[in-house]
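See below for the structure under consideration.
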Amino acid sequence: MGKRRKPKPKTYELEIESLSHEGRGIAHLDEKVIFVSGALPGEKVLADRSFSRAKFEEADVKEVLRPAANRITPKCAVFGICGGCSFQHLSSEDQIQAKQAWLEDAFLGQAKTQPKHWLAPLQAQSWGYRRKARLGVRFVAKKDKVLVGFREKKSGWIANMDRCEVLHASIGEHLVELGSAIEKLSIKSQVPQIEVAVAQNSTVLILRHLEPLTEQDEQILLACANDLNVTFYTQSGGADTVKPLDKPAVLTYSHPDHDIEMEFLPTDFTQVNFKLNQKMINLAIQLLDLNENDEVIDLFCGLGNFTLPMAKYAKHVVGVEGDLGLIERAKYNAEKNNITNTNFYKADLFKEVEGFEWFRGKTYNKALIDPARSGAIEIVDLLPKLGVERLVYVSCNPATLARDTAKLIELGYKLDTAGVMDMFPQTAHVESIALFTQ
C-alpha cells in the first residue's frame with residue numbers, strides 16, 4: 001500500500017446525510033463521497049479535508065454550523081483529537097441504535113436476510129468501563145514532560161490528556177501521576193508504551209522499555225505503584241520477557257450469577273467491559289436454552305469465559321482454542337471452580353481439524369463460537385458434521401458475521417435471533433450476538 005499523502009488544504013461546507021459504519025458523517029460534493037469525522041446526520045458543518053482520492057475524500061469537522069438535535073457535549077476534553085473514542089458527541093442510547101442499524105444493514109447486504117427476532121440492545125457501563133488497553137508513552141523534550149495516553153487520530157503523537165473517561169478509574173484518573181513517575185526514570189525516552197490490565201481485585205501496568213532499568217528506576221516505579229495501588233510488570237523484548245517488577249499479581253474477574261471466579265494473566269485476552277460480559281454470558285446461556293442432556297462445543301473458547309458458565313447447565317462442554325496458554329488457564333479455572341464436566345483442547349481452528357480427538361466421531365447438539373474480527377468461515381462449514389442444531393455466534397465484526405450468516409443459511413441453518421451489545425461505548429466498535437437453529 002502506498003504512503004498516505006497529505007492533500008492540499010481545503011475547507012468546505014457540507015450537509016451531512018447519514019452515518020457510515022465507522023461512525024463518520026457522510027456527505028456528497030462534486031460527485032464525491034465525503035466521510036466527515038465528528039459529524040452527525042442532519043448537520044451542516046465546515047470541515048477540513050484530510051485525505052483525497054478520485055471518488056471519495058475524508059475530512060474533520062472544523063465547526064458545526066447547524067447541530068443535529070441529538071448532538072451532545074463530549075465528556076472528554078480531548079475528544080476529536082484523541083483516537084481512542086469517536087462517538088462521544090452522541091448519547092449512549094443513540095450510539096447503540098446506530099450500531100443496531102449497521103448490523104441490520106450488514107445482514108441485508110451480505111446475507112440477504114434479517115433475524116426472525118431482534119433482541120433489545122444489551123448495555124451496561126458507558127464510562128470508566130475499559131479494563132484492557134494499550135497506552136502510548138512519549139517524552140516530549142521541548143516540554144520536558146512525559147505524555148501517557150491514547151494516540152491522536154491519524155497520528156503517532158500521544159494526545160495530551162490529563163485523564164481518560166473510558167478507562168477504568170484505577171488508571172484513567174491517574175495518567176498525569178503515571179507520566180510524572182516515568183519522567184523521573186533514567187530511560188524516560190526509551191519507554192514507548194504501557195499495557196493496561198485491570199482485574200476486579202487489582203490493576204497491572206506492563207511497562208515496555210527499550211533500555212534496561214536501573215535499580216533507582218525500579219525504586220521509582222515501586223513508589224509509584226504504591227501511590228497508585230497498581231502492580232508494575234516490565235517487558236524488555238517479546239511477550240516472553242513480561243515479568244513482575246516485584247511480586248506477581250493474581251488477577252481475577254467473576255461470573256457472580258454462576259458462582260465462578262476466573263484467574264488470568266495480564267497478557268491474556270479478556271473482555272474489556274466486565275459488567276457487559278456478565279450480561280452477555282447470561283444472554284448466551286438463555287439463547288442456547290441449555291439443559292442437563294446437552295453436549296456443547298465452545299469454539300475459540302479462550303480462558304473458558306463462556307465454557308465454564310455453560311458447564312453449570314449442560315451435560316458436558318468442550319472448549320477449543322488455538323493458544324496453549326489460554327487452554328492451560330481454562331483447565332486451571334475449571335479445577336479451581338470444581339467444574340468437572342469440561343474438556344479443553346488446543347487446535348488452530350483456521351486449519352484442518354477433522355482428525356482431532358474432539359472432532360472425530362463426536363457430536364454436539366449445541367455450540368457457541370466467539371471468533372476474532374476475521375470471523376469463523378472455516379469452522380462454520382463443519383458445524384453440520386458435528387451435529388450442531390443450535391448455535392450462538394458472538395461477533396466483534398458485523399461484516400464477517402453477515403458473511404458467515406450467508407454460509408450458515410446455505411448449510412441449512414436459520415437466523416432466529418440477533419442483537420447488538422455495547423461492549424465498547426463511545427466508540428464505533430460493534431459487538432453482536434446471533435442465534436441460529438435448524
Side-chain angles (χ1 to χ4, degrees), residues 14 16-27 33-43 45 47 50-51 56-61 64 68 70-76 78-110 121-134 149-155 159 161 164-167 271-273 276 280 371-375 394-403 418-434:
L14 300 169
I16 307 301
E17 303 157 15
S18 58
L19 203 61
S20 79
H21 292 178
E22 301 85 25
R24 296 180 294 179
I26 298 176
V33 179
I34 317 293
F35 296 99
V36 188
S37 297
L40 297 174
E43 293 187 330
V45 301
S50 59
F51 182 70
F56 76 94
E57 294 186 350
E58 298 176 2
D60 298 307
V61 167
V64 179
N70 59 346
R71 174 177 282 274
I72 64 172
T73 302
K75 189 173 183 178
C76 179
V78 293
F79 176 71
I81 300 172
C82 173
C85 293
S86 57
F87 250 13
Q88 288 191 23
H89 53 316
L90 268 180
S91 70
S92 296
E93 292 72 22
D94 285 337
Q95 290 176 34
I96 201 68
Q97 290 303 320
K99 294 175 184 182
Q100 175 91 12
W102 298 343
L103 182 60
E104 291 180 24
D105 289 347
F107 279 138
L108 287 172
Q110 295 193 63
L122 203 64
Q123 292 183 280
Q125 280 179 286
S126 294
W127 301 99
Y129 68 86
R130 187 164 181 174
R131 292 173 176 265
K132 293 283 284 188
R134 175 179 293 173
F150 290 107
R151 300 188 186 279
E152 296 180 359
K153 292 190 303 180
K154 305 174 187 176
S155 166
M161 52 201 301
C164 177
E165 302 291 352
V166 297
L167 277 176
Q271 296 290 356
V272 302
N273 190 326
L276 196 285
M280 179 175 68
R373 288 187 59 81
S374 57
V394 177
S395 169
C396 58
N397 185 349
T400 52
L401 171 59
R403 179 203 65 194
V420 289
M421 305 180 291
D422 212 3
M423 185 67 75
F424 286 87
Q426 320 311 328
T427 78
H429 179 101
V430 183
E431 195 89 5
S432 57
I433 191 167

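Heavy atoms only: backbone and side chains are in, while hydrogens, waters and symmetry mates are out.
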Main-chain N/O of Thr73 paired with Gln88 side-chain donor or acceptor, under 3.5 Å: no
Is the closest side-chain heavy-atom distance between Gln271 and Met280 below 4.5 Å? yes
Distance col, row Glu17:CD vs Ile34:CD1, nearest 0.5 angstrom, shows 10.0 Å
Any side-chain heavy-atom pair from Lys153 and Ile81 closer than 4.5 angstrom? no
Sidechain-backbone polar pair: Asp422 side chain, Gln123 backbone, donor-acceptor under 3.5 Å: no
Over 60° means perpendicular and under 30° means parallel, so classify the ring planes of Phe56 and Phe35, tilted if in between. perpendicular
Give a yes or no on whether the backbone of Ser126 and the side-chain of Ser92 come within a donor-acceptor separation of less than 3.5 Å. no
Would you name the heavy atoms of Ala428 and Trp102 that are closest together and state the gap between them? O-CZ3, 3.5 Å
Leu167 and Ala133: which non-hydrogen atoms are nearest, and at how many Å? CD2-CB, 3.7 Å
Determine whether a donor-acceptor pair (N or O, by modelled atom type, separation under 3.5 Å) exists between the side chain of Glu43 and the backbone of Leu40. yes
Hey, is the main chain of Arg373 close enough, under 3.5 Å, to the side chain of Thr400 for a donor-acceptor pair? yes
Nearest atoms (heavy-atom pairs only) where Ser50 meets Asp60: CB-OD2, 3.8 Å
Is Met423 close to Val430 at the side-chain level, that is, under 4.5 Å between some pair of heavy atoms? no
Any side-chain heavy atom of Val36 sitting closer than 4.5 Å to one from Ile26? no
Give the minimum heavy-atom separation between Leu19 and Pro41, together with the two atoms involved. N-CG, 3.9 Å
Between Met421 and Ser432, does the side-chain contact (heavy atoms from CB on, under 4.5 Å) criterion hold? Intermediate values first, please. CA-CA 5 Å; Met421 305 180 291; Ser432 57; 5.7 Å; no
For a side-chain contact (heavy atoms from CB on, under 4.5 Å) check, start with the C-alpha distance between Val78 and Phe150, then their side-chain angles and the critical distance, and finish with the verdict. CA-CA 10 Å; Val78 293; Phe150 290 107; over 6 Å; no
Minimum heavy-atom separation for Pro121 and Gln100, please, with both atom names. CG-OE1, 4.2 Å
Could you measure the distance from the CD atom of Gln95 to the CD1 atom of Ile72? Nearest 0.5 Å is fine. 7.5 Å
Phe79 and Pro74: which non-hydrogen atoms are nearest, and at how many Å? CD2-CG, 3.4 Å
Going through the checks in order, is the salt bridge (Lys or Arg N to Asp or Glu O under 4.0 Å) test met by Glu431 and Lys99? CA-CA 9 Å; Glu431 195 89 5; Lys99 294 175 184 182; over 6 Å; no
Full working for side-chain contact (heavy atoms from CB on, under 4.5 Å) between Phe51 and Glu57: CA-CA 5 Å; Phe51 182 70; Glu57 294 186 350; over 6 Å; no
Tell me, do Gln125 and Leu276 make a side-chain contact under 4.5 Å, heavy atoms counted? no
OG on Ser37 to CD on Glu58, rounded to 0.5 Å: 7.0 Å
Any non-hydrogen side-chain atom of Val166 less than 4.5 Å from a side-chain atom of Cys85? yes
Test side-chain contact (heavy atoms from CB on, under 4.5 Å) on Leu103 and Leu401 and set out the steps. CA-CA 9 Å; Leu103 182 60; Leu401 171 59; 4.0 Å; yes
Angle class for the Tyr129/Phe424 ring planes (parallel below 30°, perpendicular above 60°, tilted otherwise)? perpendicular
Within-4.5 Å side-chain heavy-atom neighbours: Gln426 and Leu90: no
